[in-house]
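What follows is one structure encoded as structure tokens, with my remarks underneath.
By convention in this document, chain letters (A, B, ...) are assigned in the order of the sequence lines, proteins followed by strands, and residues within each chain are numbered from 1. Side chains included, hydrogens not; waters and symmetry mates left out as well; all remaining heavy atoms used.
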Amino acid sequence: MRPLSQLIVFAIVLIALFALQNASALEHNIAGSGQLDYEYVPTARNGNANAGTYNAFDGFTLEAAAKLSVDVNEHLSANVKVCVGCHGFEPDMFYFDYRFQDELDLRAGRFSPSFGSFVLRHDPANQKLTDKPLPYDMGRMLRKDVWNNGVLPAPFPSNGLEVNGTHWFGDRVQLDYAAYAITGFRNDTDAYPVDLNFIESHSPTYYISTNGRPAFGGRTAITVKMGNASDMSAGASGMYGIYDPHDRFSYLILGGDLSLRVHHTNVRMEYLVRRQEMDTDDPSLFKYAVSPQRGNFFVKQGAFAELEQPLVTDLDLVARLDGMTRNGNVLATSPLSSNAYVIRETLGLAYAFDRNFRVKTSGELWEFSGPDPTTGRTTEVSLHLGVVGTF
Amino acid sequence: MTPPLRLLLLAVAAAAFASTGCPAEAPPSESSNLPESVRADYAVFAQRCSKCHSLSRPLNSGIVDDDYWAMYVARMRRQPGSGISPEDAKEILRFLHYYSLEERRKQEHKRIDDLAPVVDASAGDAQ
């Protein structure tokens, strides 16, 4: 479906829902956010990040979204979210929830399946830094094309079904769980697919599945309230699917997350690992000799640890350490080695001028395992200045 | 300094912040304007609802109906890892009820203020 058609469909749904609201007791809520970020990479040659750091952003990036939530009744609700970002206009969510009770909810439509804890906060308005942690990066990291983004670029909307629920044990312990079957990721473009194609997976032209096998996954997490102003959550997630049209190559993503909140201090940690099978039918495509044993996959790992601390009213300090490794064979054209890594350290401030308007600024120090072929640098610096508004 | 050491340092710093009760804990600015009777409910609202999103999301939603707030908060309570227990939901709803009343009162005052010049002019005409 083309972007204009999507816009028309969204408008029709909005009008229909408002018309229905007048006729019944439908309750709706519209919310939205927009973030404009300027990223400058002073270490890039000639100030041109594309020349020096492989297609890094060096300029403005806008991420905007509008969300409509409708509570049809106490059992049925619907969510529609549209985004404008690097991919243009895109429906990020379009799903219904039918809740039998707290412990049993059926979700159907287009949504980001339950994986990790970050996905719930992926909207820029819900973060104090302008960019995402590296394991969830989608197009903002330096050398993004070489790394093919993060381990599981967020958001990762897909069509499918999810059964989820939550249960409280007393007033202190919350257990969450989810299981789903979705279209999953894909790569139909490459004759010899070696990795997920995230652009294709997001493209509106490719919302249908071509490999005939859904991807499956699930998540469970436990939250323990340790007092009136503190809680801790720990979760584990997994996803498995086939990504090529001939049902030959799989991906398996596993993740663990831990977050701690004490008063207004947040500490968050996540770890993700993806085992990705590759088509090695043509060994000449690869940089290294293809091993007959365990030579047909690579492993990509990513992790982050983040501290968010209010300094004074409306001013927050954020410190983050994140990184990724990639182990396994690479295409002959890739500058990566078979054991590549990237580490990033970030320090940022966020100031809320108004309840709905925040300024974010941060500095990032990058450390790559391999040099930039243009500048020879293995370290890079990037600076962000962004504003985010909500309604 | 190696990356694992940096990670360890960050973890230690985070633990220190958390264990010392946050040396620079900054309460949301709205609480100072609230009457004493709703501050405890507001504290639960601010603590629980800011875990995933800013407080502007609910406060600017335009919702002033108690029944809809009940559905809205129930939907949030069921979010994974929300940490909003059924008991918390009651306190959050108490605050939102107060907030809605205040919003309605402000809107009513604004409506009256907007009408005032018209009424004054009409009164002038009558004289």
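The parts of A:Ser33 that come within reach of chain B are both its backbone and its side chain, each placing non-hydrogen atoms under 4.5 angstrom from that chain. Using a 4.5 Å cut-off between heavy atoms, A:Ser117 makes no contact with chain B at all. Of the atoms belonging to B:Asp65, it is side-chain heavy atoms, and not backbone ones, that fall under 4.5 Å from chain A. With a 4.5 angstrom heavy-atom cutoff, A:Asp176 touches chain B only via side-chain atoms. Heavy atoms of A:Ala221 lying under 4.5 Å from chain B are absent altogether.
A donor-acceptor pair under 3.5 Å links the side-chain atoms of A:Tyr177 to the main chain of A:Glu103, judged by distance alone. Of the possible donor and acceptor atoms, one in the side chain of A:Lys132 sits under 3.5 Å from a partner among the backbone N and O of A:Ala154.
Taking the six-membered ring where tryptophan is involved, the planes of A:Tyr136 and A:Phe118 are essentially parallel, since the angle between them stays under 30° and well short of 60°. Between A:Phe357 and A:Phe353, the angle of the ring planes lies from 30° to 60°, which puts this pair in the tilted group. By the 30° and 60° cut-offs, the orientation of the rings of B:Tyr68 relative to B:Tyr72 is perpendicular.
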Quiz item: Are A:Asp171 and B:Ser85 close enough, and set up right, to give a side-chain hydrogen bond (donor to acceptor under 3.5 Å, both in side chains), and what steps lead you there?
Solution: CA-CA 6 Å; A:Asp171 201 41; B:Ser85 68; 2.6 Å; yes
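Most heavy-atom pairs under 4.5 Å with chain A, from the set B:Arg57, B:Glu87, B:His53, B:Arg77: that is B:Arg57. Chain B forms more heavy-atom pairs under 4.5 Å with one residue of A:Gln174, A:Arg358, A:Arg172, A:His167 than with any other, namely A:Gln174. Contact count versus chain B (heavy atoms, under 4.5 Å) is highest, among A:Asp322, A:Asn228, A:Asn29, A:Thr166, for A:Asn29.
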